[in-house]
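A short write-up of the structure that comes next.
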Amino acid sequence: MGRTILIVEDDIHISKMIKMNLNIVGYETEEAYDGLTGLDAVRQRKFDLVLLDAMIPGLDGFALMEKIRPLGIPVIFLTAKNAVTDKVNGLKLGADDYMVKPFEAIELLARIETVLRRYGKEENVLAFQDVRVSLDKREATLYGSPVDLTPKEFDLLVVLLKNKNIALSREQFLDKVWGADYYGETRTVDMHIKSLRKKLNWQEQIKTIYKIGYRLED
């Protein structure tokens with residue numbers, strides 16, 4: 001079963017966008033549009049993480065944070081663009097991180113992954129169709145048989161799996177797999193993608209996004 005995240009956000013459009021992006025990459029989600037509903041949710045169900053807007057009706061984010069803290073659930077605060085005091089107050093109350101709205105989906109996913117890893121809640125096995133990847137063993141299997149991947153191919157595969165249905169640029173792949181200090185050409189990404197397609201028989205699954213990069217699709 002996937003990790004379960006509670007989204008407490010009174011802006012329905014923002015909440016739905018967050019929910020869609022989390023569901024795409026395999027997280028289970030529940031939404032609450034005010035603090036009291038959010039409080040009921042955490043009391044009735046076990047969540048792996050809470051995304052909490054600071055300014056919500058009924059019971060604001062700071063008051064709700066005080067209720068959540070004894071439960072030991074990691075919290076990422078969502079704050080307005082220039083609300084410095086909200087960030088400080090949220091962190092003082094025990095929030096694990098904060099995001100300033102508006103934010104990119106890929107950044108939110110990265111922050112969530114970091115917090116879950118800190119709490120030991122990160123999934124150690126990733127699966128897609130007939131491919132399974134063990135993060136602990138750094139092993140990939142296809143139809144149950146091991147696939148011989150180079151270290152960079154393995155890292156690239158993990159990035160694709162963790163960002164399923166999200167288009168990433170070649171520069172983003174370079175940053176995530178080869179590191180910010182890598183000065184090679186983006187053609188390196190193309191060569192590794194070509195190899196992964198062949199080894200996993202993923203000619204259709206890894207889509208080329210014109211002038212951007214690649215996306216792993218269901």
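Quick note: residue numbers are just sequence positions, from 1. Keep in mind the model is a prediction, meaning the values are calculated, not measured.
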Fill in: Atom of G38, atom of V8 and distance for their closest heavy-atom approach
CA-CG2, 4.3 Å
Fill in: Any donor-acceptor N/O pair, D10 side chain to D34 backbone, under 3.5 Å
no
Practice prompt. Give a yes or no on whether the backbone of Y98 and the side-chain of R111 come within a donor-acceptor separation of less than 3.5 Å.
Written response: yes
Worksheet item: Taking all atoms of both residues into account, what is the closest heavy-atom pair of I18 and L78, and its distance?
Response: CD1-CD1, 4.1 Å
Practice prompt. Treating Ile, Leu, Val, Met, Phe, Trp and Tyr as nodes and any side-chain heavy-atom pair under 4.5 angstrom as an edge, say whether I12 and I14 lie in one connected cluster.
Written response: no
Item to complete: Would you give the length of the straight line joining atom CG of L59 to atom NZ of K67, rounded to the nearest 0.5 angstrom?
Response: 7.0 Å
Discussion item. Is any side-chain heavy atom of L51 closer than 4.5 Å to one of E9?
Written reply: no
Worksheet item: Could you state the interatomic distance from CD (E104) to CG (N21), rounded to the nearest 0.5 Å?
Response: 10.0 Å
Worksheet item: Cluster question for you: counting only ILVMFWY and a side-chain heavy-atom cut-off of under 4.5 Å, with indirect links fine, are V159 and I166 together?
Response: yes
Worksheet item: Quick check: are there more than 12 heavy atoms from other residues, nucleotides or ligands sitting under 6.0 Å from CD of Q203?
Response: yes
Worksheet entry | Under 3.5 Å: donor-acceptor pair, side chain of T114, backbone of A110 | yes
Fill in: Closest heavy-atom pair and its distance - A167, Q172
O-OE1, 4.3 Å
Discussion item. Between L93 and L71, is there shared hydrophobic-cluster membership here, with clusters defined by ILVMFWY side-chain heavy atoms closer than 4.5 Å?
Written reply: yes
Item to complete: Could you tell me whether the side chain of L49 reaches within less than 4.5 Å of the side chain of R3, counting heavy atoms only?
Response: no
Fill in: Between F62 and F77, ring centroids under 6.0 Å
yes
Response to the item:
So the ring pair (Phe, Tyr, Trp, His ring centres under 6.0 Å) pairs with at least one residue in residues 189-218 (sequence neighbours excluded) are F128-W202, W178-H192
Worksheet item: Given the rule that I, L, V, M, F, W and Y join up when any side-chain heavy atoms are under 4.5 Å apart, are L36 and I56 in one cluster?
Response: yes
Discussion item. Using 0.5 Å steps for rounding, measure from the NZ atom of K164 to the CG atom of L126.
Written reply: 9.5 Å
Worksheet item: Which atoms form the tightest heavy-atom contact between R45 and T4, and what is the distance?
Response: NH2-CG2, 3.4 Å
Worksheet, complete the sentence: So CG of L216 and CD of Q129: to nearest 0.5 Å the spacing works out to 7.5 Å
Worksheet item: Under 4.5 Å between any side-chain heavy atoms of L109 and L22, yes or no?
Response: yes
Worksheet item: Any donor and acceptor pair, going by atom type alone, linking the side chain of R170 with main-chain N or O of D190 inside 3.5 Å?
Response: no
Worksheet entry | Gap separating the CG atom of L108 from the CD atom of E113, nearest 0.5 angstrom | 11.5 Å
Worksheet item: How many angstroms lie between atom CG of L196 and atom NZ of K152, to the nearest 0.5 angstrom?
Response: 13.5 Å
Worksheet entry | Non-neighbouring partners of E217 that pass salt bridge (charged side-chain N to carboxylate O under 4.0 Å, His left out), sequence neighbours left out | R215
Discussion item. In the structure I gave you, are the side-chain heavy atoms of I193 and L160 within less than 4.5 Å of one another anywhere?
Written reply: yes
Worksheet item: If you count the non-hydrogen atoms of other residues, nucleotides and ligands that lie under 6.0 Å from CZ in R187, is the total more than 12?
Response: no
Fill in: Basic-acidic side-chain contact under 4.0 Å: R138, D155
yes
Worksheet item: Are the side chain of D96 and the backbone N or O of V75 linked by a donor-acceptor pair below 3.5 Å?
Response: yes
Worksheet entry | Other residues, nucleotides, ligands: >12 heavy atoms within 6.0 Å of E171 CD | yes
Worksheet item: Applying side chain to side chain donor-acceptor pair (under 3.5 Å), which residue pairs with at least one partner in residues 52-66 are found, sequence neighbours left out?
Response: D53-K101
Worksheet entry | Y27 backbone acceptor or donor facing N23 side chain under 3.5 Å | yes
Worksheet item: Within a reach of under 6.0 Å around CE of M191, are more than 12 heavy atoms found that belong to other residues, nucleotides or ligands?
Response: no
Worksheet, complete the sentence: On a heavy-atom basis, the closest approach of F154 and A140 is CE1-N, 4.3 Å
Worksheet entry | D97 side chain near R118 side chain, heavy-atom distance below 4.5 Å | no
